[in-house]
Amino acid sequence: MRLLERGRSAGDIRQDVDPRTAAWWLVSLLAGRSFRAAVVPDRDKVESELTELTLGALLSRGDGEP
């Protein structure tokens with residue numbers, strides 16, 4: 001959570017993202033990896049897309065917009 005708070009302070013993480021909620025979201029994504037590994041046939045593609053989705057949701061675009 002502190003890392004996300006620092007990212008928000010630095011302008012790397014969107015200001016409208018709650019660090020505590022984001023931390024739990026990331027923990028949930030990581031906890032689900034073993035389940036996805038067991039049931040998703042194209043796991044590498046799905047993991048890549050989840051990573052892109054997560055970064056897009058968390059990172060500031062740098063133009064003042066979320």
Intermediate values then yes/no, side-chain contact (heavy atoms from CB on, under 4.5 Å), Arg14 and Arg8: CA-CA 6 Å; Arg14 293 172 32 175; Arg8 243 179 53 170; over 6 Å; no
From OG (Ser60) to CG (Asp12), nearest 0.5 Å: 7.5 Å
Ser28 side, atom OG; Arg33 side, atom CZ - distance, nearest 0.5 Å: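 Answer for the OG-CZ pair, Ser28 versus Arg33, is 14.5 Å.
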Mind checking side-chain contact (heavy atoms from CB on, under 4.5 Å) for [X] and listing every partner two or more places apart, or none if nothing turns up?
| X | answer |
| --- | --- |
| Asp44 | none |
| Leu55 | Thr51, Leu59 |
| Arg20 | Met1, Asp18, Trp24 |

Heavy-atom pair of closest approach, residues Leu4 and Ala23: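 Leu4 and Ala23 have their closest heavy atoms at CD1-N, 3.4 Å.
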Shortest non-hydrogen contact from Ala57 toward Val17: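 Looking at all heavy atoms of both residues, the shortest contact is O-CG2, 3.9 Å.
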For Arg6, salt bridge (Lys or Arg N to Asp or Glu O under 4.0 Å) partners two or more places apart: none
Qualifying residues under salt bridge (Lys or Arg N to Asp or Glu O under 4.0 Å), relative to Glu49, sequence neighbours excluded: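 Only Lys45 meet the salt bridge (Lys or Arg N to Asp or Glu O under 4.0 Å) criterion with Glu49.
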Step-by-step side-chain contact (heavy atoms from CB on, under 4.5 Å) determination, Leu58 to Leu26: CA-CA 10 Å; Leu58 293 177; Leu26 293 172; 4.2 Å; yes
Give every donor-acceptor pair under 3.5 Å between a side-chain atom in residues 34-42 and any protein atom, sequence neighbours left out.
residue, atom, partner, partner atom, Å
Arg36, NE, Glu47, OE2, 2.7
Arg36, NH2, Leu29, O, 2.9
Arg36, NH2, Glu47, OE1, 3.3
Arg36, NH2, Glu47, OE2, 3.2

